[in-house]
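What follows is a short report on a single structure.
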Amino acid sequence: MDRTRALTAQNPNQTFSLRRFCSPPMSCSSPSNSKLFVGGMSWSVDEKSLKDAFSSFGEVTEVKILNDKAIGRSSGFGFVCFTNQPEATSAKDAIDGKALLGQPLRISYALEKVRDAPVVVHRLSSIGNGTSLKQ
DNA sequence: GCTGAGCGT
């Protein structure tokens with residue numbers, strides 16, 4: 001009669017796979033190009049280290065590491081450009097989550113930062129409107 | 001022997 005275990009609606013042993021399911025490229029994974037954003041690495045990582053780590057998965061054509069803005073801390077995030085997208089994706093999926101110099105790295109697709117002006121007016125050569133007939 | 005999110009001239 002005595003149930004040693006009360007049938008509670010919740011089982012303490014039921015582990016819910018509450019893992020991050022933001023993996024599917026349906027959220028914000030819009031790899032415009034083989035540009036990858038590397039961050040979360042130690043503030044002592046160099047470009048050659050990242051390039052060496054990324055070049056192991058593909059040919060890295062662009063490697064850039066930026067430094068902080070105000071405090072001027074060591075560089076903690078950077079950008080890596082591959083010659084191909086599959087290589088970048090492979091490297092991202094491979095290095096992303098790993099630890100470099102003892103710190104976990106965070107790799108994501110870099111935002112297409114246009115260094116040119118966001119507005120391309122390129123001058124309007126339609127001033128005369130074509131029919132400049134002045135009667 | 002520092003401090004840990006974010007996207008570059």
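The nearest whole Å value for the distance from the CE atom in A/Met41 to the C1' atom in B/dC7 is 12 Å. Nucleotide B/dG6 holds its C1' atom 14 Å from the CG atom of A/Asn67, rounded to whole Å. Distance CG (A/Leu50) to P (B/dC7): 18 Å, rounded to an integer number of Å. Here the P atom of nucleotide B/dG8 and the NZ atom of A/Lys35 are 11 Å apart, to the nearest Å. Distance, A/Phe77 CZ to B/dG4 P: 16 Å, rounded to whole Å. Per the geometry, CD1 belonging to A/Ile65 stands 16 Å off C1' belonging to B/dG4, to the nearest Å. The distance from atom CZ of A/Arg106 to atom P of B/dA5 is 7 Å, rounded to the nearest whole Å. Taking atom CG of residue A/Leu105 and atom P of nucleotide B/dG6, one finds them 17 Å apart after rounding to whole Å.
Picking from B/dG4, B/dG8, B/dC7 the nucleotide with the shortest atom distance to the side chain of A/Glu62 gives B/dG8. When distances are taken from the side chain of A/Lys64 to each of B/dC7, B/dT9, B/dG4, the shortest belongs to B/dT9. Listed nucleotides: B/dC7, B/dG4, B/dG8. Nearest to the side chain of A/Leu66: B/dG8.
In this structure, A/Gln103 and A/Ser108 both approach DNA chain B, and ranking their closest nucleotides by distance from the 5' end singles out A/Gln103. Sequence order on DNA chain B of the closest nucleotides to A/Trp43 and A/Phe37 puts A/Trp43 first from the 5' end.
Across A/Lys92 and A/Ser108, no two heavy atoms sit closer than the pair CE-CA, 4.0 Å.
Stacking between A/Phe79 and B/dG8 is shown: the ring centroid lies under 5.5 Å from the centre of the six-membered base ring, and the planes differ by under 30°.
Residues that satisfy the ring pair (Phe, Tyr, Trp, His ring centres under 6.0 Å) test with A/Phe37, not counting sequence neighbours, are A/Phe77, A/Phe79.
Using a 4.5 Å cut-off on side-chain heavy atoms (C-beta onward), A/Glu87 and A/Phe57 make no contact.
A donor-acceptor pair is defined here as one N or O able to donate and one able to accept, closer than 3.5 Å; such a pair exists between the side chain of A/Thr89 and the backbone of A/Gln85.
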Could you list the donor-acceptor pairs under 3.5 angstrom formed between side-chain atoms of residues 41-55 of chain A and any protein atom two or more places apart in sequence or on another chain?
| unit_1 | atom_1 | unit_2 | atom_2 | d |
| --- | --- | --- | --- | --- |
| A/Glu47 | OE2 | A/Ile65 | N | 3.4 |
| A/Ser55 | OG | A/Lys51 | O | 2.5 |
| A/Ser55 | OG | A/Asp52 | O | 3.2 |

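A/Gly40 comes within 4.0 angstrom of a nucleotide base, judged by non-hydrogen atoms across all strands.
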